[in-house]
Amino acid sequence: MAGLETTGSNPDVGLLYDINGLAATAPDWVDRVVLFAGEYGLILALVLLTLWTWWRVRRTACREEAAGAVAAVVWAPLAAGIALLVNIPIRGFVGRPRPAQQHRGVEELLAGRTDFSFVSDHATLAMALAVGLFIAHRRAGLAGIALAALLGFSRVYLGVHYPTDVIGGLALGTAVALLLSPLASALLTPLTKLIARSATVGRLVWSPKGTRDEAVSVEDEPGQEQAQGRERQQEDGVRQESGAVGVSRRRDRDLAA
């Protein structure tokens, strides 16, 4: 299938030339930085952001809240994987060649790309990760979305994708992460709650600041208060018994005298 329009009058192609044309005038070191960032660096940054988000959301006083947030973090890479699988038939159906195969003057900084162009795998993966993180942690998600946008720009700069390839990837990643999020939460949250109650691996899901024994979740507070009340009653009973014994002994001494 021919897919999307690729003529020079198409605004998509015009924007491709504008962005990719920056590579012709930029210093070589800029091209190398964009090449590394667009191929590996920004994806690595998103992976590190995902790990930071997991570390951050598990450090809360409420175990139930931590379990839900960690489930959302786990969903982020799963959403990225599912989005990439969904993209396989889309790329084959559209069958859009790479820009350098269709247009003269496109400076392809990543040579040897012969697979189809629409939709961008990099943009799809990055946006699915970012939106998954946004569900778990708003600020981390916004940072991830910014990284995904930079990644998309870099793919056009490198001459390996049209702008609409990137926009399609961002939309696909967003759709998969959001539409399947309720189902993923229903499946993953019970699992993370179970892990959070484990004495051995519970810290993977819930690790509040300070020692775990000191941190009290909302659901545990009533039980603790009852236990503390029983301890105070026992202590009062012991004091009363001790006082009664002391009075009895003094009376015995007085009678003996």
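The structure displayed is predicted, hence computed values, not measured ones.
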Checklist line | Flag side-chain contact, heavy atom, 4.5 Å: Leu151 against Ser154 | finding: yes

Check: Are side-chain heavy atoms of Asp115 and Arg91 found at a separation under 4.5 Å?
Finding: yes

Next item on the list: Could you check Arg96, Gln101, Arg155, His161 and say which one makes a side-chain hydrogen bond (donor to acceptor under 3.5 Å, both in side chains) with Ser117?
Entry: His161

Checklist line | Student check: side-chain heavy atoms of Tyr17 and Val106 closer than 4.5 Å | finding: yes

Note to self: Would Arg56 and Trp54 count as a cation-pi pair here, with the cationic atom under 6.0 angstrom from the ring centre and within 45° of the axis?
What the structure shows: no

Check: Ile167 and Tyr162: side chain to side chain contact (heavy atoms under 4.5 Å, CB included), yes or no, with the steps?
Finding: CA-CA 9 Å; Ile167 294 172; Tyr162 294 93; over 6 Å; no

Check: Just wondering, do Ile88 and Leu85 contact through their side chains at under 4.5 Å, heavy atoms?
Finding: yes

Item checked: Working for side chain to side chain contact (heavy atoms under 4.5 Å, CB included), residues Ile90 and Phe116 -> CA-CA 10 Å; Ile90 294 176; Phe116 293 130; over 6 Å; no

Margin query: Within the 4.5 Å heavy-atom criterion, are Ile135 and Leu178 side-chain neighbours or not?
Written below: yes

Next item on the list: Determine whether Leu15 and Ile19 make a side-chain contact, defined as any pair of heavy atoms from C-beta on separated by less than 4.5 Å.
Entry: yes

Next item on the list: Could you walk me through whether Leu188 and Leu78 pass side chain to side chain contact (heavy atoms under 4.5 Å, CB included), step by step?
Entry: CA-CA 11 Å; Leu188 293 174; Leu78 293 177; 4.2 Å; yes

Item checked: CA sep, side-chain torsions, deciding dist, call: Ile145, Met127, side chain to side chain contact (heavy atoms under 4.5 Å, CB included) -> CA-CA 6 Å; Ile145 291 172; Met127 199 61 173; 3.9 Å; yes

Notebook entry, point to check: So is Arg138 actually on top of Phe134's ring, under 6.0 Å and inside 45° of the axis?
Noted result: yes

